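These notes concern the structure reproduced below.
The chains referred to below are lettered A, B, ... by the order of the sequence lines, with proteins before strands, and numbering in each begins at 1. Source: prediction; values computed, not measured.
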Number of protein chains: 4
Amino acid sequence: MPFVHRVRPRYAEVDAQGVVFNAHWLTYFDEACTRWFDAMGFAPAEAFFRDFDVMLVKAVLEWQGPAGFDDVVDIAVECPRVGTKSFDVRYTATVGGRGACVGTITYVSVQPGTHDSTAIPTTLRRALETDAGVSGPPGAPSPPAR
Amino acid sequence: MPFVHRVRPRYAEVDAQGVVFNAHWLTYFDEACTRWFDAMGFAPAEAFFRDFDVMLVKAVLEWQGPAGFDDVVDIAVECPRVGTKSFDVRYTATVGGRGACVGTITYVSVQPGTHDSTAIPTTLRRALETDAGVSGPPGAPSPPAR
Amino acid sequence: MPFVHRVRPRYAEVDAQGVVFNAHWLTYFDEACTRWFDAMGFAPAEAFFRDFDVMLVKAVLEWQGPAGFDDVVDIAVECPRVGTKSFDVRYTATVGGRGACVGTITYVSVQPGTHDSTAIPTTLRRALETDAGVSGPPGAPSPPAR
Amino acid sequence: MPFVHRVRPRYAEVDAQGVVFNAHWLTYFDEACTRWFDAMGFAPAEAFFRDFDVMLVKAVLEWQGPAGFDDVVDIAVECPRVGTKSFDVRYTATVGGRGACVGTITYVSVQPGTHDSTAIPTTLRRALETDAGVSGPPGAPSPPAR
């Protein structure tokens, strides 16, 4: 079961078309990432900046349907890939079971306080791999039951 | 020469890492799109909603380097593809000639006031194709000199 | 006991000084208002626009201290004044019991779908007055125990 | 003549009522402040954080009318008060000469990199007082001709 973060779009985030403005999905996914790290045991305001930090290098967003003001938006978070210095996180947002937006974001590990890439620290790697194992890469054999 | 829109990142848009927060790039690209439509002769607040409207179906963002508070960010706007109901716009953002962020966004034409896709109206198609001809699809022969 | 809404500032909302950027407090208070209306029985996405709507005419914000990324921010919501066409809501935000920001916002009732002011509808008035009675104006006698 | 900063509200900043969402006015005023400091000779990205810094302690906003997507919003910036450690800036936003929003913001001077208040540095004070002299406090005698 992937980690799921729930968001209720704010009135401020809905545009004149009555739907969440596109950019806010990246903010929702960032918030989901914060809560996911928290759930994995990394206190967001402490672990980041001190133990490790990340920057985005790529984001792919695909919209399947709208989300409106105060809708119940559930964002499932999975880690399909962990590399040496970078990893991918996939965010799958649904509204009442209907697809809304899927984002895949590639993060690169950087030295805290800098923009210099660095190997993903071991504690972070272990957590991501555990999660990657749970969610599994596309086409990969199922992970052993747990 | 592609259309270029200039943005100076607001203090509010720069995060604790001292760089523009990722989601704001989509907002910058949206603002660049507004000014580009304006330059093509479509008054943004009038043409949209009445003559045509668009929704995003896909966005691919790649970051090459940071942009900071009040940097001079130039965003070149090009239309590499025009389909029947959808088209792509590529946004190439640079800071002092250095790459910052490239976004390719796929828009689908919708009936104003609805979320229903529809063929791109002729006036819009003509404008996009003119621009598409200027910038040219990847691998396409160069447009004639102008 | 006033209604309390909890907010965890997003990374995107914290600026280069490491604190929540000032404008976001208005967004937090708006979100708190949404949940407060919800708690009073007005489903936000339905009641607004159909039964009544409001626009802001005045906001007074005072900051006592900072809030940072992922802090636990509690926003108490009270209605100290209900007039004929307008009412005030006071938002008192604290971080771990320490004052962060107090906002008093004056809303005017408008005809849904317009910007025309109108008398506060009875159902809304009743809810606000009940809350106004609970929280009470400064210096007013305590409401009877309930 | 006060300094005037022009803003064109972004599509992202207009809500389902078709008007600029309230919180964005604080962001517009912040951007106007950046450009005003720039015009006074303080390069925003350098002077702040190094020579001086400020934090908001109070903001009073009053709305007179709406601003919509892509409207031409002119924000006049004036400094009606300069104290020892704090100063006020008044932002008067109009759309085609019609009032939209007036904000008065009180800033306190802080030691760069800290939240500790400090006397307004001399160079900043001199610039603010010159501007304060131009705009003049309410009811004050006119400044001498310049």
Spatial distance of atom [atom1] ([X]) from atom [atom2] ([Y]) [nearest 0.5 Å]:
X     : Y     : atom1 : atom2 : answer
C:E13 : A:E31 : CD    : CD    : 7.5 Å
A:T27 : C:Y11 : OG1   : OH    : 12.5 Å
A:F69 : C:E46 : CZ    : CD    : 11.0 Å

Legend entry - Check against side-chain contact (heavy atoms from CB on, under 4.5 Å), A:R35 and C:D70: CA-CA 10 Å; A:R35 293 274 71 84; C:D70 207 33; 3.0 Å; yes

Legend entry - Qualifying residues under side-chain hydrogen bond (donor to acceptor under 3.5 Å, both in side chains), relative to A:D88, sequence neighbours excluded: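 Testing A:D88 for side-chain hydrogen bond (donor to acceptor under 3.5 Å, both in side chains), a comparison that skips the adjacent residues, returns A:R81, A:T106.
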
